[in-house]
Number of protein chains: 2
Amino acid sequence: MYEDWAEQFRLLGDATRLRILMLLHVRDACVCELAALLPVSQPAVSQHLRRLKQAGLVVEYRQKAWVFYRLRPDVPEHIRRWLTDVPVDPGDAGWLRDHHVGTVCAVPDSAGPMPVGQTQT
Amino acid sequence: MYEDWAEQFRLLGDATRLRILMLLHVRDACVCELAALLPVSQPAVSQHLRRLKQAGLVVEYRQKAWVFYRLRPDVPEHIRRWLTDVPVDPGDAGWLRDHHVGTVCAVPDSAGPMPVGQTQT
DNA sequence: CCAAGGCATAAGGATATGCTAATATGCTAA
DNA sequence: TTAGCATATTAGCATATCCTTATGCCTTGG
């Protein structure tokens with residue numbers, strides 16, 4: 001059924017949503033970071049993330065006060081290829097490098113995502 | 001700019017339009033054939049074809065009384081890859097095999113597309 | 001030239017989509 | 001427990017999208 005495939009293309013067919021995916025391709029990020037970087041409101045970000053989660057492209061995990069999102073490691077092969085064709089915005093990549101949650105969202109102490117096998121700096 | 005990429009994904013993000021692309025991937029077809037096969041009106045087919053033409057994915061050429069469309073041979077590499085990931089509907093492929101313009105559209109005499117290096121049967 | 005059919009375009013309507021503002025919910029830290 | 005912030009959800013709105021009907025244009029064959 002072409003409708004299923006069309007829906008997958010449609011999922012990537014929005015600039016904001018596609019940008020979020022590319023950002024998460026660089027590194028995990030929490031909602032407040034994305035909302036700070038993107039030119040849309042926090043609810044808009046949440047809604048996009050919900051769609052991406054329901055489509056099985058991202059997963060969420062809590063870290064301190066924030067909810068981080070990451071690209072699912074087992075994203076369908078073809079979708080991963082499609083995303084690989086899209087170049088990452090250097091500005092976005094730089095922003096992610098130069099900021100961390102504590103800087104952007106102003107909360108308790110400072111902490112970044114440390115989900116799997118990483119040692120705290 | 002992600003908007004340009006999103007627009008390309010959006011172009012494939014409609015079941016009817018995607019189906020047309022997959023049909024043209026099998027062989028060239030004229031508007032009346034597509035309108036006969038697809039569950040939408042002839043103007044709807046025309047409008048989809050116009051979008052595909054404007055996006056540079058297809059070209060048209062006249063043959064007798066009909067306007068045939070074909071996939072552009074120089075479609076952007078990445079889009080060709082994306083389309084390759086989508087399986088062709090066997091039913092559609094069969095329909096294209098079992099029908100030709102004269103059968104479907106009922107016009108003067110019989111004739112199929114004979115665009116490049118082919119000899120008339 | 002005329003008639004007939006293929007095709008394109010225009011107009012209108014129904015639905016989908018993406019956003020914001022307002023609000024609810026949930027954690028965290030004290 | 002309570003205050004404060006992060007996030008999710010809801011409602012409403014503006015726009016985009018896709019369809020149909022109506023219509024005009026063009027080509028073909030007589």
Side-chain angles (χ1 to χ4, degrees), chain A residues 2-3 6-7 9-20 28-55 58-69 100-113, chain B residues 2-3 6-7 9-20 28-55 58-69 100-113:
Chain A
Y2 288 116
E3 184 51 50
E7 191 170 338
F9 283 117
R10 232 178 1 250
L11 191 68
L12 309 185
D14 175 82
T16 300
R17 200 156 48 234
L18 182 58
R19 191 175 176 191
I20 289 176
D28 299 3
C30 70
V31 179
C32 69
E33 288 180 295
L34 297 173
L37 173 59
L38 299 172
V40 297
S41 66
Q42 172 267 316
V45 173
S46 265
Q47 286 160 11
H48 282 304
L49 288 170
R50 178 168 42 159
R51 263 192 80 168
L52 294 174
K53 187 175 67 175
Q54 284 175 167
V58 304
V59 289
E60 57 175 285
Y61 60 91
R62 304 199 69 101
Q63 194 82 2
K64 300 260 185 185
W66 312 290
V67 177
F68 278 80
Y69 283 83
H100 54 93
V101 199
T103 306
V104 177
C105 302
V107 228
D109 52 284
S110 65
Chain B
Y2 288 116
E3 184 50 50
E7 190 172 338
F9 283 118
R10 227 169 15 240
L11 191 68
L12 309 185
D14 175 81
T16 300
R17 201 157 48 234
L18 183 57
R19 191 175 176 190
I20 289 177
D28 299 2
C30 71
V31 179
C32 69
E33 288 180 295
L34 297 173
L37 173 59
L38 299 172
V40 297
S41 66
Q42 172 267 315
V45 173
S46 266
Q47 287 160 9
H48 282 303
L49 288 170
R50 175 162 45 138
R51 263 192 80 165
L52 294 174
K53 188 175 67 175
Q54 285 177 166
V58 304
V59 290
E60 58 174 286
Y61 59 92
R62 303 199 68 102
Q63 193 82 2
K64 300 261 186 185
W66 313 289
V67 177
F68 279 81
Y69 283 83
H100 55 93
V101 198
T103 306
V104 178
C105 302
V107 228
D109 53 284
S110 65

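No experiment lies behind these values; they were computed from the predicted model shown. So that the names make sense, note that chain A is the first sequence line, chain B the second, and so on, each numbered from 1. The figures that follow rest on heavy atoms only: side chains count, while hydrogens, waters and symmetry mates do not.
Rounded to a whole Å, the CZ atom of A:Phe68 is 12 Å from the P atom of D:dA8. A straight line from CG of A:Leu12 to P of C:dT17 spans 14 Å, rounded to a whole angstrom. When the C1' atom of D:dT15 is taken as reference, atom CD of B:Glu7 falls 15 Å away, rounded to whole Å. In this entry the distance linking CH2 of B:Trp66 with P of C:dA8 reads 15 Å, nearest Å. As rounded to whole Å, 14 Å separates atom C1' of D:dT7 from atom CD1 of A:Ile20. What separates CG of A:Leu49 from P of C:dC19 is a distance of 12 Å, to the nearest Å. If you take CG of B:Leu18 and C1' of D:dC18, they are 15 Å apart, rounded to a whole angstrom. For the pair A:Glu60 CD and C:dC27 P, the interatomic distance rounds to 11 Å; values are reported in whole Å.
The phosphate of C:dG6 has neither OP1 nor OP2 within less than 4.0 Å of any side-chain N or O from B:Tyr69. For the pair B:Arg50 and C:dA8, the criterion of a side-chain N or O lying under 4.0 Å from OP1 or OP2 is not met.
Of the listed nucleotides (D:dT17, C:dG18, C:dT17), C:dG18 has the atom at the smallest distance from the side chain of A:Arg17. Side-chain proximity of B:Arg62 to D:dT27, C:dC7, D:dA6: nearest is D:dT27. Between C:dA29, D:dT9, D:dA8, one nucleotide has an atom nearer to the side chain of A:Lys64 than all others, and that is C:dA29.
The 5' end of DNA chain D is approached more closely, in terms of each residue's nearest nucleotide, by A:Lys53 than by the other of A:Lys53 and B:Gly13.
Counting all heavy atoms, side chain and backbone alike, B:Arg17 lies closest to B:Leu11 at NE-O, 2.8 Å. A pairwise comparison of heavy atoms in B:Cys105 and B:Glu33 identifies SG-N, 3.9 Å as the closest pair. B:Cys32 approaches B:Trp66 most closely through the heavy-atom pair SG-CD1, 4.0 Å.
Taking 4.0 Å as the cut-off between side-chain N and carboxylate O, A:Glu60 and A:Arg50 do not count as a salt-bridged pair.
Pairing of C:dA29, defined by two Watson-Crick or G-U wobble distances under 3.5 Å, is identified with D:dT2. With both pairing distances under 3.5 Å, D:dT7 is matched to C:dA24 as a Watson-Crick or G-U wobble pair.
Of the residues in residues 39-48 of chain A, those lying under 4.0 Å from DNA chain C by heavy-atom distance are A:Val40, A:Ser41, A:Pro43, A:Ala44, A:Gln47, A:His48.
No side-chain donor-acceptor contact under 3.5 Å links B:Gln47 to the backbone of B:Ala44.
Distance check: B:Arg51 CZ to B:Leu49 CG gives 12.0 Å after rounding to the nearest 0.5 Å. With values rounded to the nearest 0.5 angstrom, A:Asp14 atom CG is found 4.5 Å from A:His48 atom NE2.
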